[in-house]
*Asks:* 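Dropping a structure here in structure tokens format, bear with me for questions.
Just so you know, these numbers use all the heavy atoms, side chains as well, and skip hydrogens, waters and symmetry mates. Within every chain, numbering begins at 1; the chains are lettered A, B, ... in the order of the sequence lines, protein sequences first and strands thereafter.
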Amino acid sequence: MTQNIFSDVRARVIAALGTIVPDLPPEVAARVEVSPTKDAAHGDMATNAAMVAAKPAKMKPTEIAAKLVAALADDADIESAAAAGPGFVNLRLRAGSWRGLLPGILQAGEAFGASDAGQGVRVNIEYVSANPTGPLHIGHCRGAVVGDALANLMTKAGFRVTKEYYINDAGNQITALCWATYWRYLQAVGTTMTEEEYSNEVPGGLQYRGEYLIPVAEALVAAHGDGLASEHKGIAAPEVWLEIVRELALAMMMASVREDLAVLGVVQDVYSSERELVGRKVTDSTIERLREQGLIYEGILEPPKGKTPEDWEPREQTLFRATQFGDDVDRPLRKSDGSATYFANDIAYHADKIGRGADILIDVLGADHGGYVKRMTSAVKALGGHLDVLLCQIVHVLKDGQPLRMSKRAGTFVTLRDLLDEVGPDAVRFTMLTRKSDAQMEFDINQAVAQTRENPVFYVQYAHARCRSVLRAADEMFGAGQLAAAEGAALESLEDEAELALIRRLASWPRTVEAAALAREPHRIAFFLYDVASDFHMLWNKGRENAALRFLQPERTAESLARVALVAATAVVLRSGLAVMGVRPVEEMR
RNA sequence: GCACCCGUAGCUCAAUUGGAUAGAGCACCAGACUACGAAUCUGGGGGUUGGAGGUUCGAGUCCUUCCGGGUGCGCCA
């Protein structure tokens with residue numbers, strides 16, 4: 001038996017199938033699945049082997065199923081096999097085979113569930129990548145959690161993962177940030193200008209008016225006094241101050257972003273700067289490379305149908321042939337002043353990631369970037385790479401039943417830090433993973449902190465705390481070291497249906513990790529842990545009604561140790577799963 | 001107008017990626033504490049999976065079309 005009993009049994013099914021269909025094509029074997037049954041009445045697991053093999057074998061599915069049943073009947077771990085429905089083969093494993101998995105779980109500890117499914121493929125996951133123009137807000141939070149959990153998940157599944165943040169520090173937004181910072185600086189040195197007057201002098205107007213720039217201004221004063229202002233404490237020539245302000249504002253904004261992320265438990269491996277990339281002329285060389293492939297041309301785009309912008313005029317641009325790779329239109333790479341578009345720099349950035357050694361690129365983006373997906377996947381395809389994009393849909397935050405609208409103007413702007421202060425990082429992370437990332441979600445602050453079953457964070461934590469409680473009691477009852485004894489304990493006494501159901505659940509953890517990693521769906525871990533917790537609470541309560549099922553019984557050491565093994569294995573799986581989600585397990589609920 | 005995401009119980013969401021009778025929680029009704037932690041558990045009602053076609057052994061899942069919600073749509077990032 002390996003750690004993953006499902007892949008183990010699958011191998012036996014394929015072997016058996018091979019004796020029935022001698023020339024079984026490998027691609028057919030690859031489609032054979034062994035999965036848990038939805039309905040316990042069907043047994044423990046079911047396989048579609050007979051159905052997928054029917055066509056190439058030119059046999060009826062039911063006929064193959066009948067032969068599979070006969071072939072598998074000899075297997076020592078299989079108690080019964082039965083053909084069902086259109087050609088399923090339902091399998092029931094011996095209780096002893098299930099129980100026999102517990103020592104392996106305890107031995108593996110939190111590493112249980114790890115696999116080599118990823119085969120060491122190098123994956124670069126880029127997430128958050130918020131413009132460093134202000135504090136992170138709730139809109140960034142979901143992507144941060146999803147990206148981070150996905151990184152943990154794929155690492156556990158045997159991928160080699162790099163976690164990366166792309167700093168968009170090269171565009172007009174940053175110049176706007178500099179002007180906004182400079183306004184705070186002028187205020188700090190005592191300018192007589194009004195905000196209105198200042199805004200009129202700023203190209204594009206004053207954009208970022210939040211107070212979070214005041215500390216930057218104070219740092220500027222500390223370092224330069226009023227030397228960055230004009231004689232009358234007005235606006236000096238940008239050559240005097242712009243680059244100085246840019247350096248400091250960027251550094252301090254990024255420091256605050258990283259601090260907020262750290263509170264959330266997110267620490268990335270690589271922080272890549274767009275400015276640095278542009279400085280290295282990577283954009284130019286990447287465009288040149290695409291030009292050599294004949295993918296760049298000068299042309300004029302059609303205006304969008306229906307809603308044509310007011311100031312539309314046909315214009316010749318440098319275009320990338322995105323349509324050759326599945327995009328709807330070709331995309332511009334240069335602005336009219338000759339500088340690179342954001343897209344052009346981003347192509348260069350993705351080329352850079354590939355160049356640093358990534359077999360698969362993953363971008364975790366916000367829903368407002370949906371229109372960006374096709375062009376970026378097209379570009380990466382042109383570069384010979386592979387890009388998956390995860391779109392995280394909007395999160396609506398609810399408090400006391402009322403939606404918190406995200407509005408900077410109305411002053412109801414919710415920062416990530418605010419949310420973390422109110423809910424705590426563990427609840428934030430778990431709750432963010434209780435929805436598929438491409439579906440919109442409601443984040444109910446009251447529910448996230450509730451100490452009831454309707455809060456999955458609590459429910460799972462409570463199950464773990466209960467496990468620990470039992471293990472602490474076992475320590476007292478049987479003395480320290482009972483765990484070592486439990487690993488070798490006689491497990492035959494674990495025969496109640498609720499106990500076996502829990503074991504089967506724990507045994508499907510490796511399969512869950514693998515499937516979730518391949519599907520890039522970290523939310524499945526949250527649902528799995530909820531199911532483990534549910535199975536465990538159910539078993540606990542059964543012991544309440546039937547004393548014979550209680551975990552610890554002083555006068556029955558063998559039975560107790562067997563159950564201690566089960567409880568310890570449950571705690572192991574819960575911790576293993578929480579680690580993937582980046583949530584800390586708790587020892588007790590206080 | 002076009003593209004992408006979504007539409008599942010009254011509400012919030014799952015559904016092992018095309019599998020068997022679509023499942024949880026909340027809410028509603030009825031039950032279980034002389035406790036290894038009742039912050040939990042047991043049972044019950046509740047569905048034309050937005051509508052209509054199609055693909056096949058089999059569709060919530062894939063295709064077409066329509067309806068509804070969200071996001072975006074040449075020198076913003």
*Asks:* Looking at A:R466, does any N or O in its side chain come under 4.0 Å of the phosphate oxygens OP1/OP2 on B:rA38?
*Replies:* yes
*Asks:* When you check the phosphate oxygens OP1 and OP2 of B:rA77, does a side-chain N or O of A:N172 lie under 4.0 Å from one of them?
*Replies:*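 So the side-chain polar atoms of A:N172 do come within 4.0 Å of the phosphate oxygens OP1 or OP2 of B:rA77, strictly under.
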*Asks:* Atom CZ of A:R334 to atom C1' of B:rC76: distance rounded to whole Å?
*Replies:*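 Spelled out: CZ on A:R334 to C1' on B:rC76 is 18 Å.
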*Asks:* What do you reckon, do A:F88 and the base of B:rA20 stack, with centroid distance below 5.5 Å and planes below 30°?
*Replies:* yes
*Asks:* Report which part of the nucleic acid A:F551 touches: base, sugar-phosphate, or nothing (heavy-atom distance under 4.0 Å, all strands).
*Replies:* base
*Asks:* Could you check how far CD1 of A:I64 sits from C1' of B:rC57, rounded to whole Å?
*Replies:* 13 Å
*Asks:* Find the distance A:I174:CD1 to B:rC76:P and express it as a whole number of Å.
*Replies:*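 Spelled out: CD1 on A:I174 to P on B:rC76 is 15 Å.
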*Asks:* Please classify the nucleic acid contact of A:H523 as base, sugar-phosphate, or nothing, using heavy-atom distances under 4.0 Å.
*Replies:* sugar-phosphate
*Asks:* At under 4.0 Å, does any side-chain N or O of A:R544 touch on OP1 or OP2 of B:rC33?
*Replies:*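 The answer is no; no side-chain N or O of A:R544 sits under 4.0 Å from OP1 or OP2.
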*Asks:* Ignoring the backbone of A:Q440, work out which of B:rG69, B:rU16, B:rC57 is nearest its side chain.
*Replies:* B:rG69
*Asks:* Does A:E313 reach a base, just sugar-phosphate, or nothing at all? Heavy atoms under 4.0 Å.
*Replies:* base
*Asks:* Check step by step if side-chain hydrogen bond (donor to acceptor under 3.5 Å, both in side chains) holds for A:Y208 and A:Q173.
*Replies:* CA-CA 10 Å; A:Y208 303 104; A:Q173 307 280 350; 2.7 Å; yes
*Asks:* Rounded to whole angstrom units, what separation is found between the CG atom of A:D39 and the P atom of B:rU16?
*Replies:*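 About 16 Å, once rounded to whole Å.
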*Asks:* Base, sugar-phosphate alone, or nothing: which one does A:P332 contact when heavy atoms must sit under 4.0 Å apart?
*Replies:*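 The answer is sugar-phosphate, as A:P332 gets under 4.0 Å only of primed atoms, P, OP1 or OP2.
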*Asks:* How close or far is atom P of B:rG1 from atom CG of A:D328, stated in whole angstroms?
*Replies:* 17 Å
*Asks:* Which part of the nucleic acid, if any, lies within contact of A:R331, taking any heavy atom under 4.0 Å across all strands shown: a base, the sugar-phosphate backbone alone, or nothing?
*Replies:*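 No contact.
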*Asks:* If only side-chain N and O atoms of A:R453 are considered, is one of them under 4.0 Å from the OP1 or OP2 phosphate oxygen of B:rC41?
*Replies:* yes
*Asks:* Is A:A515 touching bases, backbone alone, or none of the nucleic acid, heavy atoms closer than 4.0 Å?
*Replies:*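 Contact class for A:A515: none.
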*Asks:* Please tell me whether A:Y127 and A:R142 have a donor and an acceptor in their side chains that are separated by less than 3.5 angstrom.
*Replies:*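 Not at all, the side chains of A:Y127 and A:R142 share no donor-acceptor pair under 3.5 Å.
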*Asks:* Tell me, please, whether A:F6 has A:R511 positioned over its six-membered ring: NZ or CZ under 6.0 Å from the ring centre and within 45 degrees of its axis?
*Replies:*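 Output yes; distance and angle both within limits.
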*Asks:* Please report the interatomic distance SG(A:C141) to CG(A:L136), rounded to the nearest 0.5 Å.
*Replies:*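 Nearest 0.5 Å value for the SG-CG distance: 9.0 Å.
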*Asks:* For a quick check of understanding: with a heavy-atom distance under 4.0 Å over all strands, which category does A:M589 fall into, base, sugar-phosphate or nothing?
*Replies:* base
*Asks:* Where the side chain of A:Q173 is concerned, which of B:rA14, B:rG74, B:rA77 is the nearest nucleotide?
*Replies:* B:rA77
*Asks:* Heavy atoms only, 4.0 Å cut-off, all strands: where does A:Q451 land among base, sugar-phosphate and nothing?
*Replies:*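 Base contact - A:Q451 has a heavy atom under 4.0 Å of at least one base atom.
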*Asks:* Is a side-chain donor-acceptor pair under 3.5 Å present for A:Y297 with A:D330?
*Replies:*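 Looking only at side-chain atoms, A:Y297 and A:D330 do form a donor-acceptor pair, the distance falling under 3.5 Å.
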*Asks:* Take A:Q447 and A:N455, measure what side-chain hydrogen bond (donor to acceptor under 3.5 Å, both in side chains) needs, and give me the verdict at the end.
*Replies:* CA-CA 6 Å; A:Q447 180 179 312; A:N455 178 6; 5.4 Å; no
*Asks:* Taking only the side-chain nitrogens and oxygens of A:W540, find out if one of them lies under 4.0 Å from OP1 or OP2 of B:rA35.
*Replies:*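 No, A:W540 has no side-chain N/O under 4.0 Å of OP1/OP2 on B:rA35.
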*Asks:* Less than 5.5 Å between centroids and less than 30° between ring planes, does A:H42 satisfy that with B:rA20?
*Replies:*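 Here A:H42 meets both the 5.5 Å and the 30° conditions.
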*Asks:* With heavy atoms under 4.0 Å as the rule, sort A:R563 into base, sugar-phosphate or nothing.
*Replies:*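 Touches nothing.
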*Asks:* State whether the distance check finds a donor on one side and an acceptor on the other, under 3.5 Å, for side chain A:R520 versus base B:rU17.
*Replies:*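 No such pair is found, so the answer is no.
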*Asks:* Does the side chain of A:Y459 get closer than 4.0 angstrom to OP1 or OP2 of B:rC41 through an N or O atom?
*Replies:*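 Answer is yes, contact under 4.0 Å.
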*Asks:* Could you work out the separation of B:rA38 and B:rU17 based on their C1' atoms and round it to a whole Å?
*Replies:* 39 Å
*Asks:* Over all strands shown, is A:E521 touching base, sugar-phosphate only, or nothing at heavy-atom distances under 4.0 angstrom?
*Replies:*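 Base contact.
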*Asks:* With a 4.0 Å cut-off on heavy atoms, is A:Y530 in touch with a base, just the backbone sugar-phosphate, or nothing at all?
*Replies:* sugar-phosphate
*Asks:* Under 4.0 Å: is that the gap between some side-chain N or O of A:K374 and OP1 or OP2 of B:rC4?
*Replies:*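 So the side-chain polar atoms of A:K374 do come within 4.0 Å of the phosphate oxygens OP1 or OP2 of B:rC4, strictly under.
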*Asks:* When you match A:E545 and A:D438 each to their closest nucleotide on RNA chain B, which lands nearer the 5' end?
*Replies:*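 Upstream on the strand: A:D438.
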*Asks:* Please figure out whether A:N48 or A:K335 has its closest RNA chain B nucleotide nearer the 5' end.
*Replies:* A:N48
*Asks:* Over how many whole Å does the gap from A:R435 atom CZ to B:rA24 atom P extend?
*Replies:*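 So the two atoms are 17 Å apart, to the nearest Å.
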*Asks:* Select base, sugar-phosphate, or nothing to describe what A:M477 touches, counting heavy atoms under 4.0 Å on all strands.
*Replies:* nothing
*Asks:* With no hydrogens and no angle check, do the side chains of A:Q3 and A:S115 hold a donor and an acceptor under 3.5 Å apart?
*Replies:*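 Judged by distance alone, the side chains do not pair up.
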*Asks:* Taking OP1 and OP2 of B:rG25, is either one under 4.0 Å from a side-chain nitrogen or oxygen of A:H537?
*Replies:*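 False: A:H537 side-chain N/O out of range (4.0 Å or more) of B:rG25 OP1/OP2.
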*Asks:* Write down the distance separating the C1' atoms in B:rA3 and B:rA59, rounded off to the nearest Å.
*Replies:*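 Going atom to atom, C1' in each nucleotide, I get 26 Å.
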*Asks:* Between A:H537 and A:R466, do the side chains contain a donor N or O and an acceptor N or O under 3.5 Å apart?
*Replies:* yes
*Asks:* Measure distances between side-chain N and O atoms of A:N541 and base N and O atoms of B:rA38, and say whether any donor-acceptor pair falls under 3.5 Å.
*Replies:*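 No.
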*Asks:* Assign A:S469 to base, sugar-phosphate, or nothing according to its heavy-atom contacts below 4.0 angstrom with the strands shown.
*Replies:*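 If one applies the 4.0 Å heavy-atom cut-off, A:S469 turns out to touch a base.
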*Asks:* Taking CG from A:D368 and C1' from B:rA3, how many angstroms apart are they, rounded to a whole number?
*Replies:* 15 Å
*Asks:* How many whole angstroms separate atom CG of A:N168 from atom C1' of B:rA77?
*Replies:* 6 Å
*Asks:* Using a heavy-atom cut-off of under 4.0 Å over every strand shown, decide if A:A84 touches base, sugar-phosphate, or nothing.
*Replies:*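 Base contact.
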